[in-house]
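All heavy atoms count here, side chains included; hydrogens, waters and symmetry mates do not.
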Amino acid sequence: MKNPFTKHPNSIGESYFTHMSHALKYSIQFILLFIMTFVHAFFPFLFVNTSSKLVKRISKHLDNRLSK
C-alpha cells in the first residue's frame, strides 16, 4: 500500500516536507488575504488592489510549481 502522506506530494514531484512548506506558506497567505478583504469590505479605501495582487501572485506561483 502506498503511503498516504507521500502519495500526493510525490505525484507532483515534491517531497513530503517541501509540500508541507508550500502548503503552510499558502495557508498564511490565505489568512492575510482574509484579513485584508474583510477590512476592505468595511473600509473600501484600504487594501484597494492588495488582495487581487496577492491572489494573482499565488496563482502564478501555483502555475509555475505545477507545470514543472
Side-chain angles (χ1 to χ4, degrees):
M1 183 169 109
K2 290 219 173 208
N3 184 339
F5 290 97
T6 59
K7 183 179 178 182
H8 170 63
N10 289 342
S11 74
I12 59 169
E14 294 180 346
S15 71
Y16 175 79
F17 290 107
T18 299
H19 191 72
M20 179 194 296
S21 172
H22 286 292
L24 289 171
K25 287 176 187 175
Y26 289 135
S27 67
I28 291 167
Q29 289 178 326
F30 290 140
I31 290 168
L32 292 173
L33 186 60
F34 165 77
I35 293 168
M36 289 185 298
T37 53
F38 188 82
V39 170
H40 178 73
F42 295 97
F43 304 100
F45 51 88
L46 296 175
F47 306 117
V48 175
N49 295 316
T50 312
S51 297
S52 58
K53 287 179 183 177
L54 181 56
V55 168
K56 289 175 184 175
R57 188 172 67 193
I58 291 170
S59 178
K60 184 177 179 180
H61 187 262
L62 276 170
D63 288 343
N64 290 338
R65 232 178 95 220
L66 299 177
S67 67
K68 291 180 180 179

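No continuous path of ILVMFWY side-chain contacts below 4.5 Å connects Val55 to Leu32, so the two sit in separate hydrophobic clusters. A continuous path of ILVMFWY side-chain contacts below 4.5 Å connects Ile31 to Phe42, so both sit in one hydrophobic cluster. In the hydrophobic cluster analysis, where Ile, Leu, Val, Met, Phe, Trp and Tyr join through side-chain heavy atoms closer than 4.5 angstrom, Ile28 is grouped apart from Leu33.
With ring centers used as reference points, Phe47 lies 6.0 Å or more from Phe43. Remark: aromatic rings of Phe30 and Phe34 are distant, center separation not under 6.0 Å.
Crowding of Tyr26 atom OH: a count of heavy atoms from other residues, nucleotides or ligands under 6.0 Å exceeding 12.
Side-chain contact between Asn3 and Tyr16 is absent, with no heavy atoms from C-beta onward closer than 4.5 Å. A 4.5 Å side-chain heavy-atom check between Leu62 and His22 finds every atom pair outside the cut-off. Annotation: side chain of Leu54 is in contact with side chain of Met36 (closest heavy-atom distance under 4.5 Å).
Shown here for Asn10 and Glu14, the closest heavy-atom pair between the two residues is OD1-O, 3.2 Å. Nearest heavy atoms, Ser51 versus Thr37: OG-CG2, 3.0 Å. Between Pro9 and Ser15 the shortest heavy-atom distance is CB-O, 3.7 Å.
If you take CE on Met20 and CZ on Phe5, they are separated by 9.5 Å, rounding to the nearest 0.5 Å. Considering OG1 of Thr50 and NZ of Lys53, their distance stands at 6.5 Å, rounded to 0.5 Å. One distance of note links NZ of Lys2 with OG of Ser11; it measures 9.0 Å at 0.5 Å rounding.
Using modelled atom types and a 3.5 Å distance limit, the side chains of Ser21 and Thr18 yield no donor-acceptor pair.
Checking side-chain atoms of Ser59 against main-chain N and O of Lys56 turns up no donor-acceptor pair under 3.5 Å. Of the possible donor and acceptor atoms, one in the side chain of His40 sits under 3.5 Å from a partner among the backbone N and O of Leu46.
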